[in-house]
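Reckoned from all heavy atoms, side chains included, excluding hydrogens, waters and symmetry mates.
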Amino acid sequence: MALNKKTIKVCGLIYTVLVTEYFKAGDDDRNLWGYCDHESQTIYIRESLSEQKKRQVLIHELTHAVLHEAGYPEQDEDMVNRFSIILHQVLQDNQGLMT
Ligand SMILES: [Zn+2]
């Protein structure tokens with residue numbers, strides 16, 4: 001799952017991945033590393049992060065997108081954090097798994 005991929009299909013919906021330093025994360029004014037906007041189907045990743053951290057944040061935001069499209073609009077941030085860190089590690093340790 002290369003970060004240079006600009007779109008990701010989630011349950012048939014196309015999410016756009018934007019790597020940018022500045023983005024508005026809904027009502028959250030914190031300087032977040034990433035944000036998943038379900039309405040516009042956009043995943044924002046902070047540009048100044050390392051390439052490894054960008055990939056980890058992408059999997060985190062993708063987890064939000066998958067859960068949202070699976071019908072979970074309210075998500076436990078701690079659960080998403082723990083799950084996505086492990087999923088990122090599994091994907092990293094098994095490159096080419098889906099090819
Ligand atoms: Zn999150």
Side-chain angles (χ1 to χ4, degrees):
M1 198 171 302
L3 196 53
N4 58 9
K5 185 166 176 58
K6 299 286 192 260
T7 59
I8 300 175
K9 271 192 191 174
V10 180
C11 303
L13 298 174
I14 296 171
Y15 275 70
T16 300
V17 179
L18 288 180
V19 179
T20 176
E21 194 57 25
Y22 302 102
F23 53 87
K24 179 86 177 105
D27 296 331
D28 197 328
D29 287 330
R30 293 174 299 164
N31 263 358
L32 300 177
W33 287 347
Y35 178 64
C36 183
D37 184 335
H38 303 293
E39 290 183 15
S40 67
Q41 293 163 213
T42 305
I43 291 174
Y44 297 93
I45 309 288
R46 187 165 300 284
E47 193 170 25
S48 57
L49 298 176
S50 71
E51 292 306 307
Q52 189 174 34
K53 185 55 83 174
K54 280 179 190 148
R55 286 192 292 274
Q56 192 180 59
V57 171
L58 174 64
I59 298 301
H60 177 101
E61 300 308 333
L62 186 58
T63 300
H64 278 302
V66 167
L67 289 173
H68 182 84
E69 301 307 338
Y72 296 99
E74 302 294 325
Q75 299 158 14
D76 182 84
E77 192 62 29
D78 189 47
M79 188 276 284
V80 170
N81 249 336
R82 291 164 187 248
F83 177 86
S84 63
I85 285 171
I86 299 295
L87 180 59
H88 171 257
Q89 191 66 54
V90 168
L91 292 172
Q92 187 134 303
D93 289 346
N94 297 278
Q95 300 206 5
L97 180 68
M98 305 302 284
T99 57

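Residues V17 and K6 are not in side-chain contact: their nearest non-hydrogen atoms beyond the backbone lie 4.5 Å or more apart. Side-chain contact between E47 and Y22 is absent, with no heavy atoms from C-beta onward closer than 4.5 Å. For the pair Q52 and Q92, the minimum side-chain heavy-atom distance is below 4.5 Å. Looking at heavy atoms from C-beta onward, H60 lies out of side-chain contact with H88 at the 4.5 angstrom threshold. Looking only at side-chain heavy atoms (C-beta outward), I8 and L58 come within less than 4.5 Å of each other. Side chains of E51 and R55 form a contact here, defined as non-hydrogen atoms less than 4.5 Å apart. Taking 4.5 Å as the limit, some side-chain heavy atom of F23 sits within range of a side-chain heavy atom of R46. Between V57 and K53, some side-chain heavy-atom pair lies under the 4.5 Å cut-off.
In plain terms, the two heavy atoms of Y15 and D37 that are nearest each other are CE2-O, 4.3 Å. Contact detail for E69 and C11: the closest heavy-atom pair is CB-SG, 3.6 Å. Annotation for C36 and H64: closest pair CB-CB, 4.1 Å, computed over non-hydrogen atoms.
The OG atom of S48 sits 7.5 Å away from the NZ atom of K54 when rounded to the nearest 0.5 Å. Atom CD of residue Q41 and atom NZ of residue K9 lie 12.5 Å apart, to the nearest 0.5 angstrom. Atom CD of E21 sits about 12.0 Å away from atom CD1 of I45, to the nearest 0.5 Å.
No more than 12 heavy-atom neighbours from other residues, nucleotides or ligands sit within 6.0 angstrom of CZ on F83.
Judged by distance alone, with hydrogens and angles left aside, the side-chain atoms of T42 form a donor-acceptor pair with the main-chain N or O of S40 at under 3.5 Å. With hydrogens and angles disregarded, a donor-acceptor distance shorter than 3.5 Å links the side chain of D76 to the backbone of M79.
Residues L32 and I43 do not share a hydrophobic cluster, clusters being chains of Ile/Leu/Val/Met/Phe/Trp/Tyr side chains in contact below 4.5 Å. A chain of hydrophobic side-chain contacts below 4.5 Å, direct or via other Ile, Leu, Val, Met, Phe, Trp or Tyr residues, connects L67 to L91. Both V10 and V19 sit in one connected hydrophobic cluster of ILVMFWY residues. Membership requires side-chain heavy atoms under 4.5 Å apart, directly or through other members. In the hydrophobic clustering of ILVMFWY residues, with side-chain heavy atoms under 4.5 Å counting as a link, Y72 and I59 come out together.
The aromatic rings of Y44 and Y35 lie parallel to each other, their planes meeting at an angle below 30°, with 60° marking the opposite boundary.
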